[in-house]
Enquirer: 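Encoded as structure tokens, here's the structure I'll be asking about.
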Amino acid sequence: MIRLELNKATQFLSTEAIEKVSANVHAAQQALEERTCLGNDFLGWMHLPSETTPEFLAEIKACAQTLRENCDTIVVAGIGGSYLGARAVIEALSNQFEWLTNDGKNPIILFAGNNIGEDYLYELCTYLKGRNFGVINISKSGTTTETALAFRLLKKQCEEQRGKEMARKVIVAVTDAKRGAARTTADKEGYTSFIIPDNVGGRFSVLTPVGLLPIACAGFDIDALVKGAQDMEAQSANDDNIVTQYAVVRNALYQAGKKIEILVNFQPKLHYMNEWWKQLYGESEGKDGKGIFPAAVDFTTDLHSMGQWIQEGERTIFETVISVENAKHTLLFPHDDENLDGLNFLEGKRVDEVNKMAELGTQLAHVDGGVPNMRVVMPELNEYYLGQLIYFFERACGVSGLLLDVNPFNQPGVEAYKKNMFALLGKPGYEAESEAIKARL
């Protein structure tokens with residue numbers, strides 16, 4: 001199992017401060033289990049791992065196999081929770097350079113529909129010319145601007161390049177069961193489709209077809225991913241476990257004036273896990289004028305850009321480090337006869353050992369500099385432990401939001417920019433808003 005180390009964080013807190021927050025854990029856990037908390041209609045993720053059947057996973061894998069057999073490239077169209085979780089797992093497990101050779105073992109997985117960059121979309125469409133590509137369109141409504149735009153372009157190009165019949169075979173919809181533009185299109189065109197459960201919000205949807213289908217298409221073991229989540233679900237049922245401990249300490253630090261949490265990795269493959277985590281916690285807790293600000297860094301890379309601020313800047317931060325105990329490969333530090341860089345003292349050591357000492361040295365320096373540190377330790381980077389990590393952060397997010405006394409499962413603030421954008425673009429139905437915003441400009 002993954003484990004949690006807290007001693008480099010709790011040393012900054014009094015016993016009373018921790019006990020004050022801990023006193024509310026049972027009520028938070030009970031509210032989640034009994035579905036009495038705010039946002040209780042979006043708790044479908046809580047027992048999703050244990051409710052996922054082998055038969056359902058077989059359906060996902062069968063669809064993935066069809067795409068793998070007919071596509072050299074698969075584009076996942078989605079934004080926010082509709083792509084970040086899948087990308088986090090795929091990039092954590094993939095050979096980071098294999099796609100350059102495109103050896104045919106696995107299709108190339110690309111992502112679109114998560115921005116409105118004209119150059120990005122033009123270059124994507126140009127790259128796809130002549131490729132046997134398929135599309136996984138992930139959208140509950142089918143009307144999210146970024147994803148809908150990308151899907152329009154991809155659907156048209158896929159049909160033109162591969163023909164309508166093949167396009168029907170290699171375009172898959174992951175959407176609402178009954179309503180919405182994406183559901184209407186899927187039914188009309190005859191696409192294979194999977195359902196996004198009504199009671200699972202996007203940022204909690206990695207273990208639904210939203211994440212499972214792209215991950216299976218990339219060639220990874222979704223059975224092991226779900227098994228890891230199942231085991232973490234079972235472990236987190238009681239009131240004292242690593243999930244509740246993490247939620248308690250981060251809230252106690254917040255009450256002590258630590259307003260920013262920095263998620264740290266020393267493994268570049270976890271970059272998008274950081275990005276998924278930022279959405280999970282930012283969208284869940286940032287409301288009602290409250291919330292720990294979620295930031296993320298990739299070390300040691302960002303020690304050469306953000307390290308100074310973390311070491312000596314405003315003391316309103318704490319760090320949570322994801323540490324991977326065992327690297328997948330072995331690479332030894334080489335000898336150099338001239339030794340101009342002075343690094344021959346490292347000769348014969350594993351590169352990962354050097355990285356681990358960088359991690360330990362950084363932790364000690366930051367703690368000495370007044371930055372509390374928590375450490376989430378994964379034995380290795382594989383599907384099973386990633387499943388544990390995903391559920392760990394999801395469950396802790398639910399508990400933490402309730403300890404903060406907010407609704408962790410809504411996101412009313414994300415609509416503000418959309419209303420302004422539609423008003424500025426002159427969308428039908430936004431005439432009054434258009435006049436009002438023009439007057440402001």
Side-chain angles (χ1 to χ4, degrees), residues 1-6 8 49 52 57 61 84-99 105-106 109 206-207 211-212 214-236 241-243 245-246 263-277 280 296-302 319-333 348-363 373-396:
M1 295 291 287
I2 66 173
R3 64 181 192 272
L4 179 67
E5 297 176 357
L6 296 172
K8 296 293 193 300
T52 299
L57 291 175
K61 289 184 283 188
L84 280 171
R87 188 164 192 176
V89 174
I90 290 169
E91 300 229 356
L93 297 173
S94 294
N95 180 314
Q96 294 168 92
F97 303 99
E98 190 175 56
W99 69 274
K105 180 182 177 183
N106 290 302
I109 309 294
V206 193
L207 300 172
L212 295 177
I215 293 165
C217 285
F220 298 116
D221 187 350
I222 59 173
D223 296 271
L225 186 79
V226 171
K227 179 65 168 75
Q230 288 171 347
D231 288 350
M232 184 56 66
E233 177 191 334
Q235 190 189 82
S236 63
N241 56 74
I242 63 171
V243 165
Q245 291 163 12
Y246 173 61
L263 190 70
V264 178
N265 70 73
F266 282 79
Q267 165 55 275
K269 288 173 175 284
L270 289 172
H271 174 81
Y272 272 94
M273 185 58 68
N274 285 11
E275 297 301 303
W276 169 78
W277 173 88
L280 179 65
V297 290
D298 302 316
F299 285 168
T300 60
T301 302
D302 290 335
E319 291 177 302
T320 299
V321 180
I322 303 176
S323 182
V324 181
E325 283 187 307
N326 299 298
K328 184 177 181 181
H329 304 290
T330 299
L331 188 66
L332 302 182
F333 210 100
K349 291 184 182 294
R350 289 188 63 181
V351 172
D352 191 55
E353 181 184 350
V354 179
N355 195 38
K356 289 293 192 301
M357 292 306 100
E359 178 184 332
L360 179 58
T362 301
Q363 182 191 58
N373 260 248
M374 288 186 279
R375 189 165 175 256
V376 180
V377 184
M378 301 176 68
E380 59 184 289
L381 208 52
N382 63 22
E383 292 93 334
Y384 177 71
Y385 292 117
L386 284 169
Q388 287 190 12
L389 186 70
I390 287 165
Y391 191 84
F392 165 78
F393 278 133
E394 287 182 346
R395 180 75 176 228

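Counting begins at 1 with the first residue of the sequence.
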Enquirer: Pair Asn265, Met273 - check side-chain contact (heavy atoms from CB on, under 4.5 Å), show working.
Expert: CA-CA 9 Å; Asn265 70 73; Met273 185 58 68; over 6 Å; no
Enquirer: Nearest 0.5 Å, please: how far is CG in Leu332 from NZ in Lys349?
Expert: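 Lys349 NZ to Leu332 CG: 11.0 Å, rounded to 0.5 Å.
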Enquirer: If we only count heavy atoms from C-beta on, is the Val89 to Ile390 side-chain gap below 4.5 Å?
Expert: yes
Enquirer: Return yes if a side-chain donor-acceptor contact under 3.5 Å exists between Glu319 and Asn373, otherwise no.
Expert: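 Checked: Glu319/Asn373 side chains pair up, N/O donor to acceptor below 3.5 Å.
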Enquirer: If the condition is salt bridge (Lys or Arg N to Asp or Glu O under 4.0 Å), which residues does Lys328 pass it with, not counting sequence neighbours?
Expert: none
Enquirer: Which pair of heavy atoms, one from Asp352 and one from Ala327, lies closest together, and at what distance?
Expert: CG-CB, 3.8 Å
Enquirer: Answer yes or no: is there a side-chain heavy-atom contact under 4.5 Å between Leu212 and Val226?
Expert: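 Result yes, sub-4.5 Å side-chain heavy-atom pair found.
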Enquirer: Does the side chain of Met232 reach to within under 4.5 Å of the side chain of Arg395, using non-hydrogen atoms?
Expert: no
Enquirer: Do Thr52 and Leu207 come within less than 4.5 Å of each other through their side chains, counting heavy atoms only?
Expert: no
Enquirer: Give the minimum heavy-atom separation between Ala92 and Leu270, together with the two atoms involved.
Expert: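 Between these two residues, the closest heavy atoms are CB-CD2, 4.3 Å.
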Enquirer: State, with a plain yes or no, whether a side-chain heavy atom of Val206 is found less than 4.5 Å away from one of Glu394.
Expert: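 Sidechains of Glu394 and Val206: in contact.
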Enquirer: Answer yes or no: is there a side-chain heavy-atom contact under 4.5 Å between Val324 and Tyr385?
Expert: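 No. Closest side-chain heavy atoms not under 4.5 Å.
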Enquirer: Contact between Val376 and Ser323 at the side-chain level, heavy atoms closer than 4.5 Å - yes or no?
Expert: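 Result no, sub-4.5 Å side-chain heavy-atom pair not found.
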Enquirer: For Tyr272, is there any backbone N or O sitting under 3.5 Å from a side-chain donor or acceptor partner on Glu91?
Expert: no
Enquirer: Pick out which of Gln267, His271, Lys269 makes a side chain to side chain donor-acceptor pair (under 3.5 Å) with Asp298.
Expert: His271
Enquirer: Roughly how far, to the nearest 0.5 Å, is CE of Met374 from OG1 of Thr320?
Expert: 3.5 Å
Enquirer: Could you tell me the separation between the CG atom of Leu225 and the OH atom of Tyr391, rounded to the nearest 0.5 Å?
Expert: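 Atom-to-atom, Leu225:CG and Tyr391:OH are 14.0 Å apart.
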Enquirer: Ala234: what forms a side chain to side chain contact (heavy atoms under 4.5 Å, CB included) with it, not counting sequence neighbours?
Expert: none
Enquirer: Measure the CE-CD distance between Met357 and Glu353 for me, rounded to the nearest 0.5 Å.
Expert: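 Between atom CE of Met357 and atom CD of Glu353 there are 6.0 Å.
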Enquirer: For Phe299, enumerate each residue passing the ring pair (Phe, Tyr, Trp, His ring centres under 6.0 Å) test, keeping only those at least two apart in sequence or located in another chain.
Expert: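 For Phe299 the ring pair (Phe, Tyr, Trp, His ring centres under 6.0 Å) partners, ignoring immediate neighbours, are Phe266.
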Enquirer: Might you point out which heavy atoms bring Asn106 and Gly219 nearest each other, and give the distance in Å?
Expert: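 That closest heavy-atom pairing would be OD1-CA, 3.8 Å.
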Enquirer: State, yes or no, whether a side-chain contact exists between Glu5 and Val321 at a heavy-atom distance under 4.5 Å.
Expert: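 Counting from C-beta outward, Glu5 and Val321 never come under 4.5 Å.
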Enquirer: Is there any salt bridge (Lys or Arg N to Asp or Glu O under 4.0 Å) pair reaching into residues 221-232, and which pairs are they, with sequence neighbours excluded?
Expert: Lys61-Asp223, Lys227-Asp231
Enquirer: Just how far is it from atom CG of Leu6 to atom OH of Tyr246, taken to the nearest 0.5 Å?
Expert: 10.5 Å
Enquirer: Is there a side-chain contact (heavy atoms from CB on, under 4.5 Å) between Leu386 and Phe220? Walk through the geometry before answering.
Expert: CA-CA 12 Å; Leu386 284 169; Phe220 298 116; over 6 Å; no
Enquirer: Nearest 0.5 Å please: distance from the CZ atom of Phe392 over to the CD1 atom of Ile322.
Expert: 9.0 Å
Enquirer: Please report the C-alpha distance between Arg375 and Glu359 in whole Å, then the side-chain angles of each, then the deciding distance to 0.1 Å, and finally whether the salt bridge (charged side-chain N to carboxylate O under 4.0 Å, His left out) criterion is met.
Expert: CA-CA 11 Å; Arg375 189 165 175 256; Glu359 178 184 332; 2.9 Å; yes
Enquirer: Can you list the residues that meet the salt bridge (Lys or Arg N to Asp or Glu O under 4.0 Å) rule with Glu325, with sequence neighbours excluded?
Expert: Arg3
Enquirer: With sequence neighbours excluded, what pairs up with Glu383 under the salt bridge (Lys or Arg N to Asp or Glu O under 4.0 Å) test?
Expert: none
Enquirer: May I ask you to decide if Val297's main-chain N or O and Asn274's side chain share a donor-acceptor pair within less than 3.5 Å?
Expert: yes
